[in-house]
Amino acid sequence: MSATRKQRPVKTISICQDFVFPKSVTRERRPQKTEDTQKLLKYIDDAVIGKGSLFFGPFGRRKVVYANYSTSGRSLQFLEDYILKEVLPAYGDLNCTSSVTGLQSNLYDTESRDLIKHAVNATDDDEIIFCNNPSNRLAQLFGIGNSYENNEKYNRVILFVSYLEPYANIKPWIDLNVQVEKIKKNIDGFLDLVDLERKLCLYKESGCKLVGLFSTVSRLTGILADDVATTILLHQYGAISVWDYTDSCSSAQINVNPDLPLATKDAIFFSCCNMIGGVQAGGILIVKKSIMQNLPSIRMEMINSINIVRCGLVMQLKETLGTHIMTRNEKICKQVLSHIRTIPEIILIGPSSTVARRIPTISFLIKHPRGTFLHHRFVVAVLNDVFGIQSTANNLINQALGISDNLKVEYEKCIKNQCNESISPGYTCLTFPFFMTDAEINFILESLKMVAQEGWKLLIQYEMNTKNGEWRHHTNALAKERKWLHSIRYNDGRMLFNDRRISAPDRLPQNYGDCLQTARNIFSRARKTAQRSNSNDSFFATSNDEETEKLRWFILPREAHELLLGPSQNVKNLPPFDPKNLVEKPLMLDFRLLQKSRSLIDSLKPLKTSPPLENQNSSAYSSPPSPIVRFSLGGDTQCAMSNFSHPISIPNRNSCSSDTEQDISEYVRGVTKEISDEIKSEIREVISKVEDVLENSESVNDMQALCVANVNCAEDMKSESELSAAVARNTNLMRQINNMNDETKLTQNQRRSDSLPIQPVYTGAISKLKTVTHNELSSQDSGINMSFNDDERRKTRNFSDDKMIIKKECDT
């Protein structure tokens, strides 16, 4: 019976002319159950190679807690076991499939490409290239005309990048004489598409090749960019769209070919080394074949098939988890940002709003109560030595830290002339992976809070290398257990090496709570350590150069030593820059709310219609009809074509609720929460300063000592008038909350009374062909959608309750 059964035809592809094998069919990924997802997350967390490994530091042994996934990933034991047992034994020559090893290696290579192709939604029109440095390969591809001596207009390339694009991505283009145009960011930290459109319009008639190179996520804030809207805008002006997924490939969805007009990306690249399990995997570059027709050399691959297989396995693991990754990331972001807001010493770079879609990456500075900051690399050293937390620090000299252009020139001149990298400003960065447990996240947050409040007390025990800005404990304990390749010996026909271990006198903390208590004891002993130390020690030595002192923005060990011994006036109070100047104070937030409320009312009036700009640049994207798009960074994008019967709705990644009234209420609640945190932080700061004075006082119960404490506290706040001003400011905040509530009610009443329809509107090259109703109205001046719904009364009651809580705290 089996002999007469008809066999289904098998689809085949040919590796070579003499061998045919069944084509691998990529099955659609089924959504996993929540229970299975939790098991898989725990399975990944337990399989991280190096998790919980021990090292000997200056304060005893600690376990490694890795939170540096923004710059490097970690290997997974089960993936390495599969490669060791299955892939490596079958490794052979891919160009010869007559042998079993060559055949199996070729099959692994082909299947890995299919897995990657499915994961990024690539098609047959896309070329997948494996290389070690995709950014350099792209620069060679698009900037090849600029490398010639004959730099005519049609050979030249103009590159559009964001203002915070890493220099490593731009340098290959600069070396090829490519003109680089930097795009500003808007007030909410997103890419300013208005500025991008202005510059595209400026260069569209130049005859040059226009290329837009942008990162899908901000390396400072973790906020995801709107790649769909930006790509459509680039294509409307005939520009090529290139995206860097290196920092978001482990968490965010990668879609090369969205089902929208003009939304197809021309090239993307990312490095699997930043993904969990992707160590040694290499980089991936995906380019449209139409762009590479005359450049066959660009297809040359630089990594072997083993690393290609590792890339496929990593992408397969990510696809298995699917949308659960972003769901977990959103929960982690809310947990981290809500905790950071309660620590006034931490200054977060960029907006701390949870409205926009983002990955759990935070960049911050720690400010000392006297005014200056803790050096970003010193913070990394303390997190490592005291808690075992692995973080990273980067130098940054631009407006993101509140540094003006003139001050930037002074810093660059000082660093170049004196070879002093320690004076360069920067930030500390922590990244929380999606598989990290809640207990581990809470431990990192509590450790960060402790370093922010008491970390400066350990400055007297550390030395700074002025050449590179790195900080080390004066005992240099980390180098005592260094592992040496020269320790490897081949004796008795095998490899032997010495596992160098030092017996630590202190006991190892058994859990996270034990480690936190050990850290508290270390910080509490810092004052006694300062009393035994001499300010003339070698690790107190600093530069006396006037130019360096003028640009110094961090507290020195010498200053920390004086503060630990008692009140000191020889401490720098005013740094040359302050990132907090870029962050809006709670006093200004109510003004923004009034502006947005009035803009909603004004936007209900009919607007003038302006014709769209025609794209006259000769490119592959000039085929009619060209869609006209109108979008906001926080709202839904609408795309319409002349031959479409209905508009196409483009969902925005940073979209919020569709009702403006609900978002206004949520915004008011957010303002109230920030005001409350501001008041609490000021009260906490005053109490801490009073306690410091009372601790050094001989008679605590004496009324005279209490008066002296109040005077000293007022002296630290510069004057008694400032203290009175802080109290008056809190009173003004409550008054403005009441005004804000009245203005919100006025906006709601005026909105209900206005029922005029909206006419179709055109705005430059970005337009919307649709009659906008009240429920679809969105704010165009920020990344937040505002709309009204029927829950307004409940939101208003919650807002009133929050006001009463703040009033009680102020009275207290």
Side-chain angles (χ1 to χ4, degrees), residues 37-84 250-251 273-280 314 317 321 325 328 332 335-336 360-361 379-392 428-451 473 477-483 497-522:
T37 302
Q38 295 299 328
K39 292 180 181 178
L40 182 56
L41 292 177
K42 186 179 184 305
Y43 180 62
I44 294 174
D45 185 53
D46 294 339
V48 175
I49 297 178
K51 179 180 176 61
S53 59
L54 300 177
F55 70 94
F56 181 75
F59 305 103
R61 291 203 176 276
R62 295 292 186 272
K63 290 184 178 180
V64 170
V65 179
Y66 201 79
N68 187 19
Y69 286 90
S70 61
T71 57
S72 61
R74 305 286 277 177
S75 299
L76 291 176
Q77 189 64 53
F78 56 84
L79 292 184
E80 298 301 323
D81 290 342
Y82 180 84
I83 293 176
L84 178 63
S250 60
S251 301
C273 296
N274 289 17
M275 302 178 67
I276 183 63
V279 179
Q280 305 178 23
V314 169
L317 176 62
L321 290 168
I325 296 179
R328 174 63 179 166
I332 296 176
Q335 179 182 356
V336 172
T361 296
V379 175
V380 173
V382 174
L383 286 173
N384 176 83
D385 297 344
V386 180
F387 304 96
I389 298 174
Q390 308 300 299
S391 59
T392 187
T428 309
C429 182
L430 287 171
T431 303
F432 303 85
F434 61 89
F435 54 85
M436 182 176 285
T437 62
D438 292 336
E440 196 168 0
I441 295 174
N442 292 330
F443 168 70
I444 295 176
L445 294 177
E446 289 298 324
S447 303
L448 183 60
K449 181 178 181 180
M450 200 175 300
V451 173
H473 197 270
L478 292 178
K480 294 180 179 178
E481 280 191 351
R482 173 186 171 180
K483 296 176 174 60
F497 60 94
N498 298 327
D499 187 9
R500 188 177 181 184
R501 294 282 180 175
I502 298 177
S503 58
D506 299 335
R507 68 182 185 88
L508 174 68
Q510 300 301 315
N511 49 49
Y512 294 142
D514 193 9
C515 185
L516 292 174
Q517 183 58 44
T518 303
R520 294 187 187 96
N521 297 335
I522 293 173

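Just so it is clear, the model here is predicted, and its values are computed rather than measured. When reading the values below, keep in mind they use all heavy atoms of this one structure, side chains included, and skip hydrogens, waters and symmetry mates.
Checked against salt bridge (Lys or Arg N to Asp or Glu O under 4.0 Å), Arg328 has the following partners two or more places apart in sequence or in another chain: Asp438. Phe497 is linked by a ring pair (Phe, Tyr, Trp, His ring centres under 6.0 Å) to nothing, counting only residues two or more places apart in sequence or in another chain. Partners of Tyr43 according to the ring pair (Phe, Tyr, Trp, His ring centres under 6.0 Å) rule, which considers only residues two or more places apart in sequence or in another chain, are Phe78.
Within the 4.5 Å cutoff, side-chain heavy atoms of Leu321 are placed close to those of Thr37. Within the 4.5 Å cutoff, side-chain heavy atoms of Phe387 are placed close to those of Val451. Ser447 is listed as a side-chain neighbour of Leu516, based on a closest heavy-atom distance under 4.5 Å.
Panel note: side chain Arg62, backbone Asn384; no donor-acceptor pair is recorded below 3.5 Å. In terms of modelled atom types and a separation under 3.5 Å, the side chain of Glu481 and the main chain of Ala479 share no donor-acceptor contact. Without hydrogens or angle criteria, Gln510 side chain to Leu508 main chain gives a donor-acceptor distance under 3.5 Å.
For the atom pair Thr437 OG1 and Leu41 CG, the distance stands at 11.0 Å (nearest 0.5 Å). Taken to the nearest 0.5 Å, the OH atom of Tyr69 stands 6.0 Å off from the CE atom of Met436. Distance CG/Asn274 to OG/Ser70: 8.0 Å, rounded to 0.5 Å. For the atom pair Arg74 CZ and Ile49 CD1, the distance stands at 9.0 Å (nearest 0.5 Å). Here the OH-CD1 distance, from Tyr512 to Ile444, works out to 7.5 Å after rounding to the nearest 0.5 Å.
In this model, no donor atom of one side chain and acceptor atom of the other lie less than 3.5 Å apart for Asp46 and Gln77. Donor-acceptor pairing under 3.5 Å is lacking for the side chains of Thr518 and Asn521. Checking Ser72 against Tyr66 by side-chain atom types alone, a donor-acceptor pair falls below 3.5 Å.
Under a 4.0 Å N-O distance rule, the pair Glu446/Arg520 does not qualify as a salt bridge.
Scanning both residues, Ala67 and Ile389, for their nearest heavy atoms gives CB-CG2, 4.4 Å.
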Take Val65 and Gln390 through the test side-chain contact (heavy atoms from CB on, under 4.5 Å) and record every step on the way to the result. CA-CA 6 Å; Val65 179; Gln390 308 300 299; over 6 Å; no
